[in-house]
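I have placed the structure first, in the form of structure tokens, so that the comments after it can refer back to it.
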Amino acid sequence: MMFPQSMKQLIAVVLERDADGVTRELLDQGVLHFVSVTEVDHSLGERVSGVTLRVTEAMIAEIRRRIEGFFNLAGGGTGTEQRLRVEDLKPLNLEETNRSLDEMAGRLQTIRERQQLIQQEILKLEDIRRQLEMFGDLTAGMQARSQFSFLSIQTGSVRRTALPELLEALKGVPSVHMMLGEEENQATVLLITMKRDDALVNKLLDKHGWAEVVLSREMLGGKEEVLKDLDGKLATYHEEQERLKTNIEELLREKRPQLERMWANLKMNELYARIQSFFSRTARTMIFSGWLPAQKQGPLQQGILRVTAGRCYLEWHDPREIPSTEKKSVPVQLRGPKMLAPFQMLVKNFSIPEYGTVDPTPFVFVAYLVMFGLMFGDVGQGLVLALAGVFGLLTYRGKSENIRNIMKLVIWCGGAAVLAGVMFGAYFGMGLLPPLWFNYHAIIAGHRGSGFVKDVYSILLLTIWFGISVIGLGLALNWLNCVRKRDWFRLVFDKGGLIGGWIYGVGVYSAFYFAQRAYKQLPPGNFLFFLIGLPVLFLGLKAPLEFFRHKGHKRFQPFTLIDWAMEWVVEILEIFSGYLANTLSFMRVAGLGIGHVSLMMAFFAIAGMMHGPGGGFTIWSYLILLAGNLLVIALEGMAAGIQSLRLNYYEFFSKYFSGSGKAYEPISLRKRV
Amino acid sequence: LAGAVHKYAFINAKLRARLSKILPEDFVTEMARTHTLTEAVQLLRGTDFAVVESVYNQTGDIKMAEMELARKEARLYLELEGLVKGEVQAIVFALAERFEIDNLKNALRLWFDARIRGRRIDTAVGYLIRDRIHRDLDLDAIVNAASLEEAGSTLAGTPYAAPVAERAAQVVQDQSLFSIEIALDHLFYLQLLAAVGGLEARDRAIARRMIGAEIDLQNINWLVRFKGFYKLSQEQALAFAIPSGVNLSPAQVAEAYASDNPSAVLAGLVRKKYSGLSAMLTPQEHAESYSRLVMIERILEQILLAEVRHLLAGYPFTIGIILAYFVLKSAEIRRIMTILNAKFYNWPEERIMAAL
């Protein structure tokens, strides 16, 4: 748990005829993080060639994405890799697949074109509707015809037999008509068109024997009837639009099983092609290489031996055989209980630790939560936070594992806040129960506490001690990393090495010595000389030793001495200022904690101002407290979370974390890509 | 310094956040490679262009989607106007005028199509954006006006009345709207440069350089059209050039218009300041001067983008971020809409890529 998973490297040689079976086995087991064999052994570059694939990964991926586009259009998720089984892997016929997709795209396009035509009809009617709404009534519209309106509103009669043909002809222009009356042979019609179409409309009317009729306002009716008629037509068109949209969804639903099958086969072929892209070819064999967790070595070896019937050569290597300079190429799989996944996410977000070095996850788990609790200690607010996390986790329907981990992190933070709240006796800013440790609110309010924490300064001191512990732990982990990497030079001379730690330790002692003597007396001179002067002098050896360790790079010149002196001075300055800043940086934990308590006190004071006649809280007081709590949970919760992360990343990780690792990413059917 | 931070901190953060959402080159290529319009639109889901996807799925009409996108962008500028004050607000106001002018141009084009060309515009009228930008423009009155003079009269009280009314006769005579369109472009840049005049010295210099680069591009854009479609004489064409460009002086614009190898006018500038673009200056033996003008347009576009990148990498608290956003967002919208329209007309991938 403290170190990443042990890995093994495989270099395999199989016969070309077994390549398909081996690829399928590798795909099925899904444990190998592939590397190019020419990277493993540069001399192989001239003796092997790459495998030429009939269909490349990129070609397959393009069609897969095309299908995913259809899935998105249907509103469903993309195909899931949970259902992929290597037995279902079939050779691809890209032309056939594309043809099927083109056929479906064509059907979709036909529906889209119909949608567009309807939309254009809607636009025409909306144009008329917009103009019509400007009039008080239709008579006003008719009167305004020549001057202000863009509409032509006219009433007239036409032979009943000619009417259908006229209405059909008018379909080409934006128009609305209403039947005002019907006699034996004649129909009286109200016709509304756009004035800009007058020339065309008048031609059509003349052709169909339109005779203008002047009607009274009563006979004409109100514009509401026309608008109602228009709205009816618009509603019909909108319904048609909805129906067409549903048609698309139905078409895609109907095709979904076929698309799912195509997608699955494409996905598997894509992974198959990706695996084979790592294969190198000799005259009759295929060579490939990769890394896998040590405990997976057995099953993979058996699998390959089985599918090749023993016709293969497998060579296994331990990372310990690799020179330390090349260890960075070993992929890293962080392990640890699933409950630590949110903290692993925080670590990965920073970087992947180098293979063989300490996995910071368990330390981040403790440090992050302690920091959060110290900044946001309140049982009630912590519970709200935890419940918000639970709610988010239960309601989140997306696929992002990171978002799930953030929800889980919120639950953890809520839990830490509850625990810290019990220690400080804080329940929604109130002291409902006595604190187990010290009363944070009372101390901020000016009451003197007992024990270690007596006042605000004690809280600041507490966080400084906490910071010293975190930095000390960081130094210890750095030494451990150096020992594991057998990097003795860094162990001694690194800023976070033994000399750096020595200076830090003595610096801490001296600072407290000075503070305890009312800032008037430093430790004795000989003590300072031996315990600070000596390591500083040792540090002066770093640059020359480094120079001679890599003497092939540079030639010694008189200026080299100046370089060494400068490096020494800069290093000393960096150690002194860096450690001082790192340690004092932890005072933000106290700052945020004090801020949290002060805000709650302020809200209580405001709530008190809204008291009732008897001095008790009113409904307004409770509303203020509710709003105050919500504000504090949102703002302080976020601030405490960010500051905890910052302290971990910059004060803790900087001491020991060599984030130059490469994540273990096997090609697998079961992993989301 | 504190003043600049106070003035630009918020807007800088907001616009940089939006700039981070600008679609990368790979995405544009992927869109161009899709097989159908529906598939291209589908890719926009979850991006800043999601409105295109939702409107297209609802209506099947790519123009409706384009209209919604333009409305959304205009609303952003109006929102930005409310977030800044003083001289910066004046700049955002002047930039937002572009949307009003575009809406007006669209209405005038419809009027021209209906009245001069005798085309049907029933459907096209529905794509007019009638939202208020800064003034209440009665676009329906313009589209339905009997004459341009009448259209001009509906614009009374706005800065657009004079450019429209004064050129009404010319439009009918030339059978082309370009004199009004150019007058409106002049007006836009004139207002923008006037707003720039109110800025502090550092901002003023940045804004003049950026806007000048855009004016160069606009001038060449018009020249390409004059040479390719209108066959105007050099004097006629140059009369329409907008002053205040930075990379092309009026003399160079004239030379570019008359020359058989117009890209030569930019050679010195490109080699001195934008050496990365030198390859674009390679002489094209068989290219017509029209194509070479198009090449200049491309170079100027790249110069403008280089200026934008330079601005974004520099000191953040200047007017540059607003102008950079305006340039980059306009370019992005133009590219996306070019692809979608090309898909609508079934252009092959190579032709789309060449048009981008």
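Throughout, a chain's letter reflects where its sequence line sits, starting with A, and its residues are numbered from 1.
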Contact part of B:A141 toward chain A, heavy-atom cut-off under 4.5 Å: side chain, backbone, both or neither?
->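 Looking at B:A141, backbone and side chain both touch chain A.
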
Under 4.5 Å from a heavy atom of chain A, the part of B:V41 involved =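 Looking at B:V41, nothing touches chain A.
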
[X] atom [atom1]: more than 12 heavy-atom contacts under 6.0 Å:
X: A:E95; atom1: CD; answer: no
X: A:K124; atom1: NZ; answer: yes
X: A:E165; atom1: CD; answer: no

[atom1] of [X] to [atom2] of [Y]: how many Å apart, nearest 0.5 Å?
X: B:Q42; Y: A:N72; atom1: CD; atom2: CG; value: 6.0 Å
X: A:D127; Y: B:I121; atom1: CG; atom2: CD1; value: 8.5 Å
X: A:Q116; Y: B:L37; atom1: CD; atom2: CG; value: 9.0 Å

Is [X] in contact with chain B via its backbone, its side chain, both, or neither, using a 4.5 Å heavy-atom distance?
X: A:Q120; result: both
X: A:E62; result: side chain
X: A:L200; result: side chain
X: A:R114; result: neither

Looking only at atom types and distance, does a side-chain atom of A:R112 sit under 3.5 Å from a main-chain N or O of B:T38, one as donor and one as acceptor?
->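 No: the side chain of A:R112 does not pair with the backbone of B:T38.
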
Looking only at heavy atoms, which of residues 99-120 of chain B get nearer than 4.5 Å to chain A?
->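 Residues B:R115, B:R120 are the ones that qualify, each having a heavy atom under 4.5 Å from chain A.
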
Which residues in residues 55-62 of chain B have a heavy atom less than 4.5 Å from any heavy atom of chain A?
->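 Residues in range: B:Y56, B:N57, B:Q58, B:T59, B:G60, B:D61.
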
Heavy-atom distance under 4.5 Å between the side chains of A:L123 and B:K63, does that happen here?
->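 No, their side chains stay 4.5 Å or more apart.
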
Residues in side-chain contact (heavy atoms from CB on, under 4.5 Å) with B:T34, at least two apart?
->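 Once residues adjacent in sequence are excluded, the partners of B:T34 under the side-chain contact (heavy atoms from CB on, under 4.5 Å) criterion are B:E39, B:A40, B:L43, B:K343.
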
Neighbourhood of chain B inside residues 237-249 of chain A, taking heavy atoms under 4.5 Å as contact |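 Near chain B, by residue number: A:Q241, A:E242, A:K245.
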
Name the option with the most non-hydrogen atom pairs under 4.5 Å to chain A; the candidates are B:H35, B:E30, B:R33.
->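 When all of B:H35, B:E30, B:R33 are compared, B:H35 has the most.
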
Which heavy atom in A:A105 sits nearest to a heavy atom in B:T36, and how many Å separate them?
->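 Heavy atoms of A:A105 and B:T36 come nearest at CB-CG2, 3.6 Å.
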
